[in-house]
Amino acid sequence: MNRIQKPEIIVTRAVPDAVAKALTDHFSVSLNLNDIPFSERELKQALESADGLICTVSDQITADIISSTERRASIISNFGVGVSNIDVNCCQKLGLVVTNTPNVLTHATAEIALFLILAVSRRTTYSETKLRNNCWKGFSIVEDLGVSLAGKTLGIVGMGRIGQATAEKVINSLGMKVVFFNRSPVKDLSFRAVQLDTLAEVLTCADVVSIHAPGGTKEPILKREHFAMMKKTAFLINTARGDVVDQRALINALKTSLISGAGLDVYLDEPKVPNELFLLDNVTLLPHIGSATCETREAMGMLAVNNLKAHFFDGNYPSRII
Ligand code: DGY
């Protein structure tokens, strides 16, 4: 029998069973069943020993790793929409294909943004901690008060797919108004939102600022001077990437009451989270779970598999970055 050699794929982290099955149907696969993240050396070895790699946002695919003269892999299929973990410029120079998993996680991530907006405005982390520590003394008319959101203004920074889904959910469920800053004009929105010319305009008028910009840029988008522009009563929500916000400046803004609180799902040097954040009772902190639903993770995985299938079999990539 004429056996055709299947392309060899290494998967850096544990994936849903259905995704593993779809992979093994088409590829010779090495799975990471114990889910321990690969070291830099293991990532390099993976690119040297397989035809393709499925990696994710926790794998730093640096120029050094990609540039190995022994590299065999011709594709990095990222399990995630953001590719700030990959040196895409270097991949481009070396002709290495990079794909990602957009769209399928839009609503899950927007739901987490919505959750964080509610959590910080109603101070649920503070209240729940009090309850869990057996410190609740019973119903009070004047304690545990948050702020109402109806009629207030949400400022979106980065009106891409997730920014739009967040805006729409917030308008429909909370009755907030939406303004936004986006580098290019955004037209034909299916909901009412006003695009402002500058980031500063959005920051000065918003009661809640939610950032939805890709990470991996040289400088954070929100820096010290930006927190000074925000209302003292405002909240910051970040479900994008830790590096889009100057984390030190954010902590200072929270400690000095420049802003009222923050809801964070992402951090600068994950999985490290500065202890100072744990000590603040005006923040809600989540461990990068924006896309963490069973349905979404399976859909992301299938997209990562389909990108590999396109690369090796038919060239019809669902989502190729370069
Ligand atoms: C992504 O896909 O970029 C998310 O941050 C991980 O779910």
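Sequential numbering from 1 along the given sequence is applied to the chain's residues. Both counts, for ligands and for their atoms, begin at 1 and track the order of listing.
- The aromatic rings of Phe27 and Phe312 stand perpendicular to each other, their planes meeting at an angle above 60°, with 30° marking the opposite boundary.
- Each of Glu48, Gln45, Lys44 was scored for a side-chain hydrogen bond (donor to acceptor under 3.5 Å, both in side chains) with Ser68, with one residue passing: Glu48.
- Residues Leu154 and Ala206 share a closest heavy-atom pair of C-CB, 4.4 Å.
- Nearest protein neighbour of atom 7 (O) of ligand 1, counting heavy atoms only, is Ser291 OG, 2.4 Å.
- Geometrically, ligand 1 and Met300 share no nitrogen or oxygen pair separated by less than 3.5 Å.
- Under a 4.0 Å criterion applied to the non-hydrogen atoms of Gly80, ligand 1 contributes the atoms 1 (C), 2 (O).
- Lys232 is not listed as a side-chain neighbour of Ile259, based on a closest heavy-atom distance of 4.5 Å or more.
- Residue-to-ligand polar distances place Val81 within reach of ligand 1: an N/O pair is separated by less than 3.5 Å.
- Checking only distances, Arg241 does come within under 3.5 Å of ligand 1, N or O to N or O.
- For Leu105, every heavy-atom contact with ligand 1 shorter than 4.0 Å involves the side chain, none the backbone.
- Every atom of ligand 1 with a heavy atom of Gly82 under 4.0 Å away is listed here by number and element: 1 (C), 2 (O), 3 (O).
- Within ligand 1, the atoms closer than 4.0 Å to a non-hydrogen atom of His288 are 4 (C), 5 (O), 6 (C), numbered from 1 in the order shown.
- The side-chain contact (heavy atoms from CB on, under 4.5 Å) test with Thr109 singles out one residue from Leu105, Ile112, Thr106, and that residue is Leu105.
- A 4.5 Å side-chain heavy-atom check between Val178 and Val194 finds every atom pair outside the cut-off.
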